[in-house]
Structures are given as C-alpha cells and as structure tokens.
2 protein chains.
Amino acid sequence: MFKVNVGVSNHHIHLTKEAYEKLFKTPYNVYKELSQKGQFATDKMVTIVGPKGKIERLRFLGPYRKYNQVEVSKSDAFLLGINPPVRQSGDLENSESIRVIGEDGEITLDSSVIIAEAHVHMSLEDLDKYGVKNKEQVLVKVNGNRVAYIRAIIKADETGVLELHIDRDEANALLLEQGSQVEVIKWPLE
Amino acid sequence: MFKVNVGVSNHHIHLTKEAYEKLFKTPYNVYKELSQKGQFATDKMVTIVGPKGKIERLRFLGPYRKYNQVEVSKSDAFLLGINPPVRQSGDLENSESIRVIGEDGEITLDSSVIIAEAHVHMSLEDLDKYGVKNKEQVLVKVNGNRVAYIRAIIKADETGVLELHIDRDEANALLLEQGSQVEVIKWPLE
C-alpha cells in the first residue's frame, strides 16, 4: 500500500501539569522536537520503581496531557516486575501502577503503565491518500535481515505526521532503527 | 499447517573441547537437559567482553561442538558494542569476534558471534508428517496480545524435537514465552 519511516519509542512518561508539579519545582525546557507536531522531549527525567527493579532517566515528553501515562517495553516490565497490558495511548483502564520519583518529589501513578501497541501516525488527509480508516488494523512488512509482518493500528489526527511507532523490543527483534523504511499493507493477509 | 511450542534461547556459548580447556580446568556438569535430544545446559558460565560492555554468566551449552559459537540478541549486541549478523547456527563466516573469560583462562574467538535466525527444529519424520522440506522458509503466526507473522527456517535432523527457537528480543517483542504455542504456515503469504 504505502511506505513509512520507523520511529522507535524508548520508554518515556507523559504527565499532567498537576503531577509534574509534584515531581519538579522548576519548569522543563524543550530538549528536542519530536516527529509528531507539537510533541517534544523535555530536559526532565524521572526514575520509575517497580517491585523488582527501577529504571532511571526515563524522559518526560511534553506537552502536558490530560492523563499520566508511562510507556515501557516488555523487557522493561520484566526488570520492573510488573505486567502492563498492550494498549493504545490513553487506554489505561486496569493497566499497571508505578512509583515515580522526580527531582523534587515522588508520586504513585495507578493504572498508568502500558506497553504501547504499534501504530501508524498520519494526518487526516493521509487517510484519503492511502485509502485507510482511522483505528483500522494494518500489517507492517519488515523486509531486512529478519522478515516479519506485524499488526499496527492507524492513528490519524490533525497534527499527525506519517510514521510507524514501535517500541525498543520490537525494534531490536526486527532489527529496525529510527528512520528505517517499512511497507504498510492491508490486513489480513490470509 | 501445524502448531509448535516456543523455546526462548537466551544468549549462550557453544565451545570446542580445545576452547573449553583454555577457559576451564575442571570438567562441567550437566545442569539441565534441553528440549533437543542430547543437548544440555552445563554448570559452567563465561563472561563475554565487547568494545562497549560485557555480559556475565553466559552459559556454556554442551556437548562440545566442532566450532565455537556465541549467540546473542540485538540488545546484547548494542550492550557489547558489536554488530553480529543474523545467521543459522554454524554459519560463522565473517561474523563477529569476542573476548571470552572463563574460570581459569581467557580466549578471543574470531568470527564466532551471531544473532540466531528463528528456526523450527523437527525430526526427519516430521518433514513428511508436516509436508515441509529441510531449510525451507515458513511463517510463524503469533496471535496473542501482539499479532505478527515472522519468518523461520525449518531445521530437521535425526535428533530434532518439534519446537520453534527464537531469541529473547523476539520473545519480548512478540510477548511469547517458553512453552507458548504458535502456528507454522506456508511461506509466502502474499
């Protein structure tokens, strides 16, 4: 159907303004603009602590959101000792909980930790251009030193920029990196 | 086509008798029989050292082989700072090199480090039973919280026991674990 570049999402945290202010007394600075319009990495990082281990230097991505959300990979989850569900962003009901430590305080976030489901960001115009529907399932064909087809969900909005988002475990398993090119094809194949 | 159980291969090392004796002065003991007949984990472990990092407690799997081979995942490779190719076992030409430290000595293994390609072990009788050929490409359908089709190679021999072998990165990315069940289907799908 069409080609997309890969964006590899490392573990990160989204915060409400209220939660941020419990963790940090000083304002954040933009560290780097991200590929999706208006989204950015900040210079602020937290430590997350689970029953079995912790992850330091987990970056806060802005701007503020209406919900707190921590995105980790399965290997992170093993290390932390938690069992988060695979979900789309914002779908947090009955997800995992985690303790979060900032520079100036700490909080516990209940039902806030997920493993992100692979998704293809795009604009509303792209939906027409590529003949897909928002939230539709597609297959992503990976054709490198490892060959695979993985399910991903179309995620279109006004500010969307065409890119496949996968997590670090998926990138390592499929030997993909930031900027790799893959092909989106119709679901299902069989 | 047919269903198989998943075996997750953590990083490990195979050694010749000659290499073993440079690393260890005492004989190994069998720690655990593996699913493939005659293969076993031993009680001996080594440390492997790359330009950027090291991995400790990498287990020696017996019996002795005619070649030395270290199997790591892509995330291990990042940690070590090396770039091994994705290969089938024994296909070591122009693969990566690594320093190996045992209890009583150390050696450098040239062209000995690979990332294992997913493969389906089976017996020669299974080839007929399932209508596949040795070294044939197949697709493995993963149908859990993540859905994917990954390429694997049929690997049949006299002592083969039906099982899909994948590495730790693949297991984490696909949310599979030791004993998970998946389906083997014909290649290609398109």
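These values consider heavy atoms only, across backbone and side chains, with no hydrogens, waters or symmetry-generated copies. In what follows, chains are A, B, ... by sequence order, proteins preceding strands, each numbered from 1.
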According to a hydrophobic-cluster definition based on side-chain heavy atoms being under 4.5 Å apart (Ile, Leu, Val, Met, Phe, Trp, Tyr only), do [X] and [Y] belong together?
X        : Y        : value
B:Leu124 : B:Tyr130 : yes
B:Val182 : B:Val138 : yes
A:Trp187 : A:Ile185 : yes
A:Met1   : A:Val142 : yes
A:Tyr67  : A:Leu15  : no

Select, from A:Val147, A:Asp167, A:Ile150, the one with the greatest count of heavy-atom pairs under 4.5 Å involving chain B.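 Among the listed options, the one with the most contacts to chain B is A:Val147.
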Part of A:Ser75 lying under 4.5 Å from any heavy atom of chain B: both
Please look at A:Arg87 and chain B and tell me whether the side chain, the backbone, both or neither of the residue comes under 4.5 angstrom of a heavy atom of that chain. neither
Spacing of B:Arg151 atom CZ and A:Asn143 atom CG [to the nearest 0.5 Å]: 7.5 Å
From CG (A:Leu174) to CG (B:Asp169), nearest 0.5 Å: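 Here the interatomic distance stands at 9.5 Å.
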Start with the C-alpha distance between B:Arg146 and A:Val86, add both sets of side-chain angles, then the distance that settles side chain to side chain contact (heavy atoms under 4.5 Å, CB included), and finish with yes or no. CA-CA 8 Å; B:Arg146 276 181 170 151; A:Val86 178; 4.3 Å; yes
Among the listed options B:Leu175, B:Ile115, B:Asn172, the residue most often paired with chain A at heavy-atom distances under 4.5 Å: B:Asn172
Give, as side chain, backbone, both or neither, the part of B:Leu139 having an atom under 4.5 angstrom from any heavy atom of chain A. side chain
Heavy-atom count check: over 12 atoms from other residues, nucleotides or ligands less than 6.0 Å from B:Asn145 CG?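 Not more than 12 within 6.0 Å, no.
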